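Structure first, commentary second.
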Amino acid sequence: MLFAAENLVGPSIPWFYLNPLFILLGGIVVLMLVGSLTPQWPRHWYGIVSSVTAAVALVSTVLLWDNVTNEKPRAIFGDALALDHFALLGTISICAAVFLCSLLTSDYLQRDSDDGPELYVLYLTAAIGGIIMVASNDLIVLFLGLETLSLSLYVLAASNRRRSESQEAGLKYFILGGFSSAFFLYGIALVYGATKTTNITGIFTALSSSQSVPRNDVFLLVGTGLMLVGLAFKVAAVPFQMWTPDVYQGAPTPVTAFMASAGKTAAFAALLRVTLTALPTRVDDWRPIIWVLALLSIVVGSLLAVTQTNVKRMLAYSSISHAGFMLVGIEAAAHPNSADAGNGISGVMTYLLLYTVLVIGTFAVVGLVARKGDTATELSDFKGLGKQQPALALALTVFLLAQAGVPLTSGFIAKFGVIKAAVEVHSYAIAIAAMVASVIGAFLYLRIMVSVWLEDETAENTPIQVPFLTGLVVAMAAIFTIVIGVVPGWLLDATQQVAALTGR
Amino acid sequence: MELFVFICAAAMVLAGALGVVLRSNPVHAALSLVLTLFGIAVMFVSQQAEFLAAVQVVVYAGAIVVLFLFVIMLLGVDRAENLETESLGVQRPLAIILSLGFVALLVTTIVQGRDSLNMRGDGLITADSGDHDANIRQIARSIFSNYVVAFEVTSVLLIVAVVGTVVLARKRKSEKDLTGVSA
Amino acid sequence: MLATIVPTSTWYLILGAVLFGIGMVGVLVRRNPLIMFMSIELMLNAVNLTFVALSTQLTDINGQTAVFFVLVVAAAEVVVGLGIIVAIMRRRSDISVDDLSALKG
Amino acid sequence: MIAITRSLLGIDPLFDGGLLWTPLFIVILKVLVVFVIGLVATMLMVWFERKAIAGMQNRIGPNKAGPFGLLQTLADGIKLFFKEDLLPERSDRLVFRLAPYLSFVPAFLAFAIIPLGGDYRDGNGGVVTWFGHQTRVQLADPPIGVLFALAISSIAVYGIMLAGWSSGSKYPLLGSVRASAQMVSYEAALGLSLAAVILVTGTLSTSGIVGSQSSLGSWNIVATGVIPFVIFLISATAELNRPPFDLVEAEQELVGGFNTEYSSIRFSLFFLAEFMNTITMSAVIVTLFFGGPQPISIGNTTLDIPLINNSLEGSIWLIAKVLVFLYIYIWFRASLPRFRYDQLMDLGWKFLIPASLGWFMLLAAQRLADNENWDQLIVMPLSIAVILVCFIFMQLAFRASSKNRESEGAAF
Amino acid sequence: MIAEVSHSASMSFPILTALIFVPLFGAIAVVLSSNRRPEWTKLIALVSSVGTAGLSIWMLASFHTSDGGFQFTSQHSWIREWGIGWHLGVDGISLFLVVLTGLLFPLVIVGIDPHHGHKRYLAWLLLLEAGVMGSFLSLDLFLFFAFFEIVLVPMYFLIGGWGYDQRVYAATKFFLYTMLGSAFMLVGIIATAVLAKNSLGYVTFDLVVLAEQASFGTNTARWLFFAFAIAFAVKVPLFPLHTWLPDAHTQAPTGGSVILAGVLLKLGTYGFLRFGLYLFPEAAVWAKPLFLTLAVAGILWGAIAATMQKDLKRLVAYSSVAHLGFIVLGTFAFTSVALSGGVMQMVNHGISTGALFLLVGMIYERRHTRQISELKGLQSVAPIFAAAFMVVMLSSIGVPGLNGFVGEFLILIGSFDNARWWVVVGTTGVILAALYLLWAYQRVFHGEVDEANASFPEITPREGMLLLTFIAAIVFTGVYPKPMLSRIEPSVKVLVAHVEERSGRTFEPDVVEVKKAPAAEEEKQEGH
């Protein structure tokens, strides 16, 4: 009887630092109550509640920023959550994604004569899952966050009941997601076997002394590999990308935007967290894996994107190649002996934040072009957009150019950041490969632009309406894209602090 | 006796697992799954994880597989599928080879690494020590100290499950009722 | 004589690995989403077994706690997954992943 | 080796000295006794039910076979055994054959954790000495006892479900789907009211639960405040598919329900299982809420039956208490009309589950206030208020959703 | 004196920044202008482009002739975190390119009608001007790269939106080729900045700091040089990376072709001078044989390919390949004469090839074909047109007295000592140029007029004015190149000195005395 009977003292709970989570939870409660108590709310209100919740959560996260600056990064809540700028930035990205996607969804549901609070609740739960992933300091917590996020996404992907593609996308995503979760979990189990803990800081401590875990411990090696496989599925890195195009195409467009933004942010943050705070002493073991994944993702993503004719599929492949870029940043961060390795972390996180806005903007336009029913996403459906809706077309052009990495857009700043990080640790090969492959990728964006501007519209294309909220999202995203492209200083200032991770 | 239990349970587990993969009728597959789950519950018991064994049976056998069966029966998809036609040329052997390779990797890992598994512990108290509820008590302690966050996140997870099902299952007026069987 | 052989944790671990492999085969080979899904459950169970075996081996309770959470996750996953399958099957009763032709893979 | 036996059979002091012949013999004896008692009790239960209902309906009931018609069940049983064993053509043979056993075995398994007697008064926690060995008057006392019961009852669904499905016929299928939905639904309420008991007693083991109910005041029905007991009783009735929740075999709608296609010995297994389950469930209720084999005692006075060994006396108390509940079940059957299916589901989901959850929260709040030395006078009203608000919200939501459903068309 | 005053004035007025922002704001204004008032749109475009031209003239006027360093510099912190600044400056090398840019754009805007989508056309054109200006003026690697890449976007849309049949293909090819080059350059730029940290102690993208203060290992510098060189080689375009150019030129609208030939191609050659030689002198010297060979190959290939073209515009495009080969030849000779010639030739090629494209565009306007075989005897129908064509063509061939001669001659003479055999081979390019251009002229303008060409209209007054500006520039520079050379020379000398110092080799032979050509003489006088 080691435990004297009934005196469990639970961990102290830093309520203040959990504000964003509570705000999101509050939003969920409000939406669910409202959804169940009132017969039907007037249009747009559900979406606005959801996005306001996200915005408030975002602001509260920003308010925490200075608090965290003053106190050192540390683990809170029974050492299960990490409190550092990294987590806060991830939270900001995710909240921004919820904010924008809720607005998109609002118009989307109106157009397809559907409404209800459920999808927004799922956005918010997904956000909570994502934030937990970003902030987790324990593999089990990470896994639970991952599942919360993933399950929300599965449902969201399948949520359009009028399109069989949507449900098929949900199913495909679900099966492969569950499959990858199992791998991730097995990885956790093996790492647990090697280190006797699932706590990330604990793993780091265990691995720091060579006595407790030998250098060539097979459990750790295989466990690391399996965890990487699981996370690579989630970030859609080649060769674990096969679900992406189908799911992106099938899911409702605002949901696709959400998957590509918040989903990616959370998964990448988790990948960074696992690799860099738990396993930094074993970089030599896993860096080559990241290297290969990065290269394959960029090249294969770009190459396959070119062969597509459906814009959502194209963007899916392009997101794969973007994932490759971010992996380049992780690869750069995996040089703990270099003084500049931290730039890899901040590079990736900046990339994620910028890509979040960028990709949501892109999909916002795609969603509008998809028209009622959310089906018109072939390249030919974009014909004549430039003539019909020049402002929209211009915004799309800005987004596409930014994705291609043209200077004076946020996309360029993002790419510049990771490439710089890679060059700083002398990973020239991957940097050059990434840049060259991005040229192939640029072809894809050009194809869309050709359809938009240079080809005449076909007769059967119905006119495109731009509802207010979606228009707002597009405008905000476009302005953000340009502003960051021109004056990125303030953002870079902030993201430089991200490199200080809890437990390092 | 422990060996005997292990062999029986392992036989259950493997037979059940093979049943899931090989049986063509989904109901039979689900029953095989139950067999596996029971085998695993027995193994939990023999590893002195009584609480998990009970939860395993309650959750898996009592809820999960029942749900499976429910769906199968409700949708009337219980006809046997033809295992021959579903093969996709090279895909099946490839998958099997891949999986075999993976298992080989894992087994090698386990055999190689078993000695390095850290044996020193600060106390997993088993029932042997005379504390009747030791296992449950320890798990409770672990859940409400180290993993309290995880525990709270679980609630969100369950919200997702509930809301998700509502989204997926609810029908609108505009959609036609296509299901033949209703409960 | 046989009774003197006591199964060690390694046995359980290996059994878990084999079970995981069988589940993997199931996901990769079968085309019925329900059965693929069951195979995923097999994989999760394999992990559970591994966790418990390691927990015993390391004399550390946290492995068992992890299993507890995995069980919760599995339950939630099943609910959602079956929801999706039901939603699809209501459109057509006979389903195989290969039949999901609307999306070319 | 010790570990495994301990784990499998529960902590029985029998095995403190390792595996010996005598203890093994005792265990086997216990198994046999429990099994035989089960069978006989079932037989008597059937007779009891018929007789009691007949009495309530001003009939005589079985009176031909044996004294008071006591052997009627035996006669019925023998007849059933010799009937032709039919396998419907469209049935799934394997599952069709398997299902009755899946129904029958759990019914008996659950009985294993019921403390059947023993002296809880001497501070020994119900441990008695037989043949020079210390043991409990119960087949097994695993640390997870109550969970075990719950697990077993969740397995009982399979028998019914598969029986209906494997018959390859429409009515049994509908019956079994109904039954399993019902059982799964009410299991939640059952578990939640069980949780209240666990919260109060602080243990999952059945002997521990019994041990904590030494006087009438500490019987769990009092300690948990009656509500969990009521919910448990209702849910248990639903779990058993007994009237008024016997929609499974609603004759008017579904012929015989899930077992329509069954005949002969397989049918008798279902039949046995049903009554065995009733007995087991009564025993569980007694164990959980009414002190099991503990005699009634108020304050320091104990209703002690003179001249009988304390541990044997426990068994008598238990049987007496169980009989009360068996009678209650029969009474239900005789007096209550059958629910409609939607009413059944509404009762389960919209009333019992929330109520048991709310009560559980209340108990937890009280417990927390106790531990933290908070003022109960503030905590309790506050928690009641919170729960009330939630309840009102819920009712409003139900109303809104039924309105929605009317306007949008029914779901599922 | 005047220069002195305006120089100090420029301290207060950021003239270079204005050069970039005036067209940029013009572009935005054009976008925002009403669709219903196209005349306003045109006016805005005109005002901003002419304003830019005015600014560039003002800058030219106040330029210190004898100063070889950067003038009118404007330096502000931009992205402090990465050591990136807004650093602009102009010297003799970029001066005339800036002026050329400033002048060419209003001409194109005034003189060439895009037929449809005026608003967008003008907006892209002005954005293009801002981009080109920025590229020529940037003294920060990051800034340069930004402008260098930005230029692609408007050009892509100009070719794709207003070009001919194969426009999308050509535009895409142009975009991807150039972007591929810049992919390497970006990595090179970052690597330069990061590696310079070793010697500087901090990360900066400032060109002047990097070139003057940072030091790289020999091998490192060579790698970095190549990273830059690939981008510039594509842009120039250097053989064998030139295949995008004929397509882009042929398919681009006339205005696009003029701009493309006039200034865009110069980004490559300018880049070699500014970022190749200046940053990595040793590596540039080391790579000299390679680039000379490629340059000469380009000269010959371009000439031969031009000879075989059936399409008049394609012919001019190939002639560009040849001409730019000369410029690269001059660049990698590392003598101040050759370099000055190269810079001269950049401007001259801009004027004469621009004019040629303009003329070809006019032919297409009239005849809707560019096939040489379908054109015949135009001289008799449109004599003034033919005359203008003749003058421009002769300038392109390099006939003494016209501008083309000055640059080519300086290049050849300046490179002779350092790169004798290459020069010898390259000179044949001059002869070939005469061959294909004259032959083309003969086929198009001489001979009997057939029915299709009989109604070929004579030049309009507006076109006439436009051509006259070009021809005036051609003749003036050809006859009196001194004002240009005197401004180019000091900067080039500084550059050559820098190269010599860093590479430890001497290139500048004492050959100034030997020169007899008038241009050389003037240059000699200027040198003293």
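Naming: A, B, ... by sequence-line order, numbering from 1 per chain. Keep in mind it's a predicted model, so treat the numbers as computed, not measured.
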Select one option (side chain, backbone, both, neither) describing which atoms of [X] are under 4.5 Å from chain E's heavy atoms.
| X | result |
| --- | --- |
| Thr409(A) | neither |
| Glu424(A) | both |
| Leu401(A) | side chain |
| Ile413(A) | both |

Next on the checklist: What I'd like to find out is whether the side chain of Ile150(E) reaches to under 4.5 Å of the side chain of Phe412(A), using heavy atoms alone.
Outcome noted: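 Counting from C-beta outward, Ile150(E) and Phe412(A) never come under 4.5 Å.
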
Checklist entry - Is any side-chain heavy atom of Phe157(E) closer than 4.5 Å to a side-chain heavy atom of Met449(A)? => result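 Yes, their side chains come closer than 4.5 Å.
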
Under 4.5 Å, counting heavy-atom pairs only, tell me which of [options] racks up the most with chain A.
| options | answer |
| --- | --- |
| Leu180(E), Leu152(E), Ile189(E), Val203(E) | Leu180(E) |
| Gly188(E), Gly160(E), Ala171(E) | Gly160(E) |
| Val31(E), Ile84(E), Thr172(E), Val194(E) | Val194(E) |
| Tyr156(E), Phe148(E), Phe184(E) | Tyr156(E) |

Item to check | Atom pair CG/NZ of Leu446(A) and Lys173(E) - distance to nearest 0.5 Å | outcome: 14.5 Å

Item to check | Interatomic spacing from CE in Met435(A) to CE in Met185(E) - rounded to 0.5 Å | outcome: 10.0 Å

Item to check | chain E interface, residue from Val423(A), Val406(A), Ile440(A) that has the most non-hydrogen pairs under 4.5 Å | outcome: Val423(A)

Which atom names give the shortest non-hydrogen contact between [X] and [Y], and what distance separates them?
| X | Y | answer |
| --- | --- | --- |
| Ala442(A) | Met179(E) | CB-SD, 3.6 Å |
| Pro407(A) | Glu149(E) | CD-CB, 3.0 Å |
| Val439(A) | Ala183(E) | CG2-CB, 3.9 Å |
| Pro488(A) | Ile79(E) | CG-CD1, 3.2 Å |

Engaged part of [X] at the chain A interface, taking heavy atoms whose separation is under 4.5 Å:
| X | answer |
| --- | --- |
| Phe147(E) | neither |
| Leu176(E) | both |
| Leu195(E) | side chain |

Next on the checklist: Counting only heavy atoms from other residues, nucleotides and ligands, does the tally under 6.0 Å from NZ of Lys42(E) exceed 12?
Outcome noted: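 Correct, the count exceeds 12.
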
Next on the checklist: Is it true that, when you exclude Trp223(E) itself, more than 12 heavy atoms of the residues, nucleotides or ligands shown sit nearer than 6.0 Å to its CH2?
Outcome noted: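 12 or below, so no.
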
Next on the checklist: If you apply the rule side-chain contact (heavy atoms from CB on, under 4.5 Å), what do you find for Tyr445(A) with Phe175(E), and how did you get there?
Outcome noted: CA-CA 11 Å; Tyr445(A) 306 115; Phe175(E) 194 99; over 6 Å; no

Checklist entry - If only atom types and distance count, is the side chain of Trp82(E) paired as donor or acceptor with the main-chain N or O of Leu492(A) below 3.5 Å? => result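 No, the answer is negative, given that no donor and acceptor are paired below the 3.5 Å cut-off.
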
Item to check | Derivation of the side-chain contact (heavy atoms from CB on, under 4.5 Å) call for Arg80(E) and Asp493(A) | outcome: CA-CA 9 Å; Arg80(E) 190 170 33 82; Asp493(A) 238 1; 3.3 Å; yes

Item to check | side-chain contact (heavy atoms from CB on, under 4.5 Å) between Phe145(E) and Phe416(A), worked out | outcome: CA-CA 11 Å; Phe145(E) 183 80; Phe416(A) 193 88; 6.0 Å; no

